[in-house]
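A short write-up of the structure that comes next.
This is a predicted model, so every value here is computed, not measured.
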Amino acid sequence: MIKGIFPIERFQQIQTPFYYYDTDLLRETLRAINEETRKHEGFSVHYAVKANANPKVLNVICQAGLGADCVSGGEIEAVLKAGFPANKIVYAGVGKSDWEINLGLDKDIFCFNVESIPELEVINELAEKKGKTASVCFRINPNVGAHTHANITTGLAENKFGIAMNDMEDVILEASHMKNVKFIGLHFHIGSQILDMGDFEALCNRINNLQDQLERHHITVENINVGGGLGISYGHPNHLPIPDFKAYFDTYAKKLHLRQGQKLHFELGRAVVAQCGSLITKILYVKTGAFKKFAIVDAGMTDLIRPALYNAYHRIENISSDEPEETYDVVGPICESSDVFGKAIDLNRCHRGDLIALRSAGAYGEIMASQYNCRKLPIGYIKEDF
């Protein structure tokens, strides 16, 4: 049991379930990112907002000087409200609607990460109506696999994302004939929760080859965006609270052959916020079945869907009990058999009313919550709220 990092007495006064964000750890994480990127000229980090858009969390990240990587008009609105400068916003996504593109144009965001020729044509058309020029990067599908879950692998030819490598030069040529778009770079992203630096090395090798190919045709690239994907330790949030940013950024510094004056952009999300967040829930009942014990909590898959969606692991801790450990299935109240947070989990002996922490839930937790079963959305609190 790890009590020291949680204000348990205050937790007991608040309606569960809720999210708790340790902003001290978040700031330490952001300092580590800035320290490592400052070692490399031209490195720039955009926070991937889809991981967590809690306004107070966004504000802390904005204060650290990061840019923003958005995948919807709503996210653009959220980061602008949080104080992110428009010239640090990149906007990606395979299905940008007209109002979202117009929003980006009106706010003069840094660039659109374009994923198809039809999208490029629409951006050019909408920009022309406004008398503006849209800066665009082309998201190229590098057909590089990643050692991660199939549902969060994005860089294979079979995935919906990006433009095929064989079409890269044609798309760049197409853009050169358009008056209201400006080609400023290439964008890549191979997946999420990647811990093997070899996957990033493979991406570097592919980008090196593509750049050589373009230069043979006298095409220069101002910006390279390698996306994000760096994973975190779900098994050891207390001992490994900050990802290995040094190894991550050093991999690109050593393996990617940047050209003179070229800028390198990253889009980190999970690695920034996952470890600072925990879902706090309360035990409703301890039920003894024929072969096992159940700790039935008031949080469910509506509050944290990752275990049901990806069979994802989150460390589970009873932060109320010092008693000897027993083994439980930790389950929620939703009327779905998949509403299970963990099976055969060793926890300090559980009682009705004990507080349970599901750790490393700062990414893809609160932001993916739903109101299925007419449940209320969980509230997100930061450390300063207590």
Side-chain angles (χ1 to χ4, degrees), residues 21-72 74-93 104 107-113 135 137 184-185 187-189 192-194 200 223-232 241-253 262-277 362-367 380 382-384:
Y21 301 108
D22 183 346
T23 40
D24 288 345
L25 176 56
L26 176 58
R27 291 187 179 95
E28 287 180 35
T29 303
L30 291 164
R31 278 195 293 271
I33 291 171
N34 285 332
E35 285 175 8
E36 292 302 325
T37 53
R38 277 196 291 266
K39 297 176 183 177
H40 308 290
E41 186 176 354
F43 279 28
S44 179
V45 177
H46 305 263
Y47 167 63
V49 182
K50 67 177 182 176
N52 187 320
N54 180 287
K56 295 177 182 179
V57 171
L58 287 180
N59 185 257
V60 173
I61 296 170
C62 176
Q63 290 175 10
L66 271 63
D69 160 42
C70 299
V71 294
S72 74
E75 288 188 359
I76 294 175
E77 292 173 334
V79 298
L80 288 171
K81 186 175 181 180
F84 287 80
N87 63 5
K88 286 188 175 183
I89 296 174
V90 295
Y91 177 26
K107 300 300 182 181
D108 295 317
I109 64 172
F110 174 65
C111 79
F112 294 84
N113 290 335
S135 295
C137 288
I184 66 166
H187 175 233
F188 305 85
H189 183 61
S192 185
Q193 186 51 22
I194 300 170
F200 299 121
N223 297 276
I224 297 292
N225 186 327
V226 293
L230 178 63
I232 58 110
I242 297 178
D244 191 351
F245 293 115
K246 184 180 189 308
Y248 176 70
F249 291 118
D250 282 354
T251 296
Y252 284 101
Q262 207 169 45
K263 295 180 181 178
L264 183 60
H265 300 261
F266 301 86
E267 297 169 345
L268 294 172
R270 184 196 312 266
V272 179
V273 294
Q275 294 291 45
C276 78
Y364 308 107
E366 181 185 357
I367 193 67
I382 63 173
K383 190 170 186 178
E384 288 82 347

Please check this pair: side chain of Q193 against backbone of I232, looking for a donor-acceptor N/O pair closer than 3.5 Å.
yes

Could you check whether any side-chain heavy atom of V272 comes within less than 4.5 Å of a side-chain heavy atom of L26, counting everything from C-beta outward?
yes

Under 4.5 Å between any side-chain heavy atoms of T29 and Q275, yes or no?
no

Contacts of H265 that satisfy side chain to side chain donor-acceptor pair (under 3.5 Å) - sequence neighbours left out
H46, N223

Residues that A78 engages under side chain to side chain contact (heavy atoms under 4.5 Å, CB included), provided they are two or more places apart:
L58

Is there side-chain contact between C70 and V79, with at least one heavy-atom pair below 4.5 Å?
yes

In sequence, state the C-alpha distance, the side-chain angles, and the governing distance for L268 and L66, and then conclude on side-chain contact (heavy atoms from CB on, under 4.5 Å).
CA-CA 10 Å; L268 294 172; L66 271 63; over 6 Å; no

If you compare all heavy atoms of A64 against all heavy atoms of N34, which two are closest, and at what distance to 0.1 Å?
O-ND2, 3.1 Å

Of the non-hydrogen atoms in G269 and A48, which two are nearest, and what is the gap between them?
CA-CB, 3.8 Å

Not counting sequence neighbours, which residues clear ring-ring contact (aromatic ring centres under 6.0 Å, His included) with H187? List them please.
none

SG/C111 to CD1/I184 distance, rounded to the nearest 0.5 angstrom?
4.5 Å

Looking at E77, I'd like to know if its CD atom is crowded, meaning that more than 12 non-hydrogen atoms belonging to other residues, nucleotides or ligands lie closer than 6.0 Å.
yes

Please list, chain by chain and in numerical order, all residues satisfying side chain to side chain contact (heavy atoms under 4.5 Å, CB included) with L264, sequence neighbours excluded.
F43, I224, V226, Y252, L256, L258, F266

Does V60 reach the side chain of Y21, with side-chain heavy atoms less than 4.5 Å apart?
no

How many angstroms lie between atom OG of S135 and atom CG of N87, to the nearest 0.5 angstrom?
11.0 Å

Partners passing side chain to side chain donor-acceptor pair (under 3.5 Å) against N54 (at least two apart in sequence or in another chain):
E366

Hits for side chain to side chain donor-acceptor pair (under 3.5 Å) against S44, two or more places apart or cross-chain, chain-then-number order -> none

Please examine the side chains of T23 and C276, heavy atoms only from C-beta on, and report whether any two atoms are closer than 4.5 Å.
no

Which residues satisfy the salt bridge (charged side-chain N to carboxylate O under 4.0 Å, His left out) test with K263, sequence neighbours excluded?
none

Residues passing the salt bridge (charged side-chain N to carboxylate O under 4.0 Å, His left out) test with R27, sequence neighbours excluded, are E384

4.5 Å side-chain heavy-atom contact, K107 and I89
no

What pairs with D108 under side chain to side chain donor-acceptor pair (under 3.5 Å), at least two apart in sequence or on another chain?
K132

Which of R38, H40, K39 passes side-chain hydrogen bond (donor to acceptor under 3.5 Å, both in side chains) with E36? It is K39

Looking only at heavy atoms, the pair that brings A271 and L230 closest together is CB-O, 3.7 Å

Value for NE2 (H189) from CG (N113), rounded to nearest 0.5 Å, stands at 11.0 Å

Please report, to 0.1 Å, the donor-acceptor pairs under 3.5 Å made by any side chain of residues 242-249, with sequence neighbours excluded.
unit_1 : atom_1 : unit_2 : atom_2 : d
D244   : OD1    : A247   : N      : 3.1
K246   : NZ     : D250   : OD2    : 2.7

Distance from Y47 atom OH to E75 atom CD, nearest 0.5 Å?
8.5 Å

Pairs involving residues 61-70, ordered by first then second residue, that meet salt bridge (Lys or Arg N to Asp or Glu O under 4.0 Å) (sequence neighbours left out)
none

What pairs of residues pass the salt bridge (Lys or Arg N to Asp or Glu O under 4.0 Å) test when at least one of them lies in residues 44-54, not counting sequence neighbours?
none

